[in-house]
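Note sheet for the following structure.
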Amino acid sequence: EALFNLSQHGLASRNTVSGSDKLSYQLHNLAYSYSKAINNARFKTLLHAVKSYLEAFTYQAQAVDLELQTILRVAEQTEGQNLVELMRLLVLEGSYFLSEAHSPGSLGLLEQAAKQAEPQLSHEFLAKIGNYYLNSLGLAEQAFPYFEQAYEVAKKLGSRQRQAVYQCLMAVVLLRRNDAATANVFETAYGLLSTEEVSLDSAIVLANYGYFYAIQGKFEQARDLFEASLKASSSLTLDSESERLESARISFFALNNLAQTLQDLQHYEESILRRSEALELAKVNHNNLWMADAYYGLGESYHALFEKEKAELVFLEALQRYEALRAEAYVSELKAFMNNNGYELPKSESQKDLST
């Protein structure tokens, strides 16, 4: 029937065989071009539909999740501006990957977008990749080259605020290496901030600088910087939902680390209060990674207060979420902590089989 329809449109020749009732068709070269044109038209329609869907549901993670595989399949078939625009909507603007793990495919598409985007967007894509490795997977070394590349792009653009952010993130990696240059890099990042302009970028740098002091055991300085970061992010008038999400991300980081610092200062009740605020912020934003971090922190506070039953419950909540997010570094760290401190770990499926 398809061949007959093509012959009706002059795209195939219909031939009969003498003395036989069999028919044969010869496709014209134009038929292949016609088929390709139809497929291209269909793909353009699908691409437009995907863009429209992302624009409508940018900040609705559940809606994005329903169509994620289709979105990624379409993105895999695009390049240039179309790919950049899809990944901008999905990753830079959207909320989905703030709380959900990347697949190798989505991470690869993000890398392609970073290479094909204009500088104004490429450093943002690079930073997202670095942040995913650092904060979601706990893989600092894999994160470093992306922050480094983002810094170089921001430097060429003359953006001091973004240079400060990327210098600061590189310094976090150096801190985890115990690199002697760490303090100088943090000081350089802090020095790049404007003393007059409060921004989300300055809130990021303040929070990370606080993290540096906390690791050094300078808890009072750390506390002051975390509180300054929270004050900065909460004082801003935010014009878009993506800015609100970024503000929430920075606030969660500052709150969670402030809570740990208060615990280190032995202000246990205040620490639990701050951890509870962080957990509530995570729940409001439906962010499983933040919830895992907040539950982990609450467990540490309850552990310090010798409330082991409460601690075990929230440790298990954290572990469940880390495992679902494939955050293997955090899974290993939490399991080691629980095992070393006498907490019961959940049985694996193979262990369950052996016990039945």
Side-chain angles (χ1 to χ4, degrees), residues 80 83-84 87-88 90-93 97-98 101-194 197 199-216 225 229 242 245-246 249-250 253-254 257 289 326-330:
L83 173 62
V84 169
M87 298 312 289
R88 183 189 70 80
L90 185 60
V91 180
L92 295 188
E93 291 289 326
F97 284 113
L98 274 178
H102 276 284
S103 65
S106 63
L107 206 56
L109 288 167
L110 196 52
E111 295 228 24
Q112 289 181 46
K115 291 174 183 175
Q116 297 178 30
E118 294 296 318
Q120 288 80 358
L121 280 180
S122 69
H123 70 90
E124 301 282 0
F125 285 131
L126 290 163
K128 284 289 184 183
I129 299 169
N131 270 315
Y132 179 67
Y133 279 119
L134 179 64
N135 296 317
S136 297
L137 300 182
L139 301 174
E141 289 304 320
Q142 285 89 327
F144 190 83
Y146 294 101
F147 294 143
E148 197 170 33
Q149 291 174 62
Y151 171 75
E152 291 301 327
V153 175
K155 190 174 180 181
K156 288 177 182 176
L157 290 171
S159 173
R160 287 176 61 88
Q161 295 278 321
R162 297 311 289 175
Q163 286 178 66
V165 169
Y166 302 142
Q167 280 260 327
C168 194
L169 292 170
M170 286 190 285
V172 169
V173 179
L174 295 176
L175 178 61
R176 296 189 184 183
R177 289 180 188 167
N178 294 316
D179 193 301
T182 302
N184 287 336
V185 178
F186 268 116
E187 287 172 14
T188 301
Y190 191 67
L192 285 166
L193 292 179
S194 169
E197 180 186 355
S199 66
L200 290 176
D201 289 339
S202 61
I204 292 172
V205 174
L206 289 167
N208 279 286
Y209 207 10
Y211 177 72
F212 166 70
Y213 277 118
I215 296 297
Q216 302 303 307
L225 284 162
S229 174
S242 60
L245 287 169
E246 179 65 0
R249 186 185 72 83
I250 299 162
F253 176 82
N257 283 285
L289 177 61
R326 302 190 296 276
E328 296 302 329
Y330 295 130

> Does a salt bridge link Glu246 with Arg249, judged by any charged N lying under 4.0 Å from a carboxylate O?
Replying inline: yes
>> Any salt bridge linking Arg162 with Glu124? Criterion: basic side-chain nitrogen under 4.0 Å from a carboxylate oxygen.
In response: yes
Does any non-hydrogen side-chain atom of [Y] lie less than 4.5 Å from one of [X]?
| X | Y | result |
| --- | --- | --- |
| Leu126 | Glu152 | no |
| Phe212 | Gln216 | yes |
| Gln161 | Ser199 | yes |
| Leu225 | Tyr211 | no |
| Phe144 | Leu174 | yes |
| Val205 | Asp201 | no |
| Ile250 | Ser229 | yes |
| Leu107 | Tyr133 | yes |

Roughly how far apart are [X] [atom1] and [Y] [atom2], rounded to 0.5 Å?
| X | Y | atom1 | atom2 | answer |
| --- | --- | --- | --- | --- |
| Leu90 | Lys128 | CG | NZ | 11.0 Å |
| Ile204 | Tyr166 | CD1 | OH | 8.5 Å |
| Lys156 | His123 | NZ | NE2 | 12.5 Å |
| Tyr151 | Cys168 | OH | SG | 12.5 Å |
| Ile215 | Thr182 | CD1 | OG1 | 11.0 Å |
| Leu98 | Asn135 | CG | CG | 11.0 Å |

>> Quick check: Tyr213 with Tyr209 (ring centres under 6.0 Å apart)?
In response: yes
Tell me the closest heavy-atom pair linking [X] and [Y], and the distance in Å.
| X | Y | result |
| --- | --- | --- |
| Leu134 | Phe147 | CD2-CE1, 3.9 Å |
| Ser242 | Leu92 | CB-O, 4.5 Å |
| Gly191 | Arg160 | O-NH2, 3.7 Å |
| Ala329 | Gly138 | CB-O, 4.0 Å |
| Ala189 | Gln167 | CB-CB, 3.7 Å |
| Val153 | Ser122 | CG1-OG, 3.7 Å |

>> Using salt bridge (Lys or Arg N to Asp or Glu O under 4.0 Å), reason through Arg177 and Glu141 one step at a time and then give a plain yes or no.
In response: CA-CA 9 Å; Arg177 289 180 188 167; Glu141 289 304 320; 2.8 Å; yes
>> As a quick check of understanding, evaluate side chain to side chain contact (heavy atoms under 4.5 Å, CB included) for Leu109 and Val91, giving each step before the final call.
In response: CA-CA 11 Å; Leu109 288 167; Val91 180; over 6 Å; no
Quick check: does any side chain N or O of [X] sit under 3.5 Å from a backbone N or O of [Y], one acting as donor and the other as acceptor?
| X | Y | result |
| --- | --- | --- |
| Thr188 | Asn184 | yes |
| Arg326 | His102 | yes |
| Glu93 | Arg88 | no |

>> Under a 3.5 Å cutoff, is there a donor and acceptor pairing between the side chains of Tyr146 and Glu111?
In response: yes
>> Looking at Tyr190, I want to see if its OH is surrounded by more than 12 non-hydrogen atoms of other residues, nucleotides or ligands under 6.0 Å.
In response: no
>> Applying ring-ring contact (aromatic ring centres under 6.0 Å, His included), can you list everything that pairs with Tyr330, at least two apart in sequence or on another chain?
In response: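 In terms of ring-ring contact (aromatic ring centres under 6.0 Å, His included), with neighbours along the sequence ignored, Tyr330 is linked to Tyr322.
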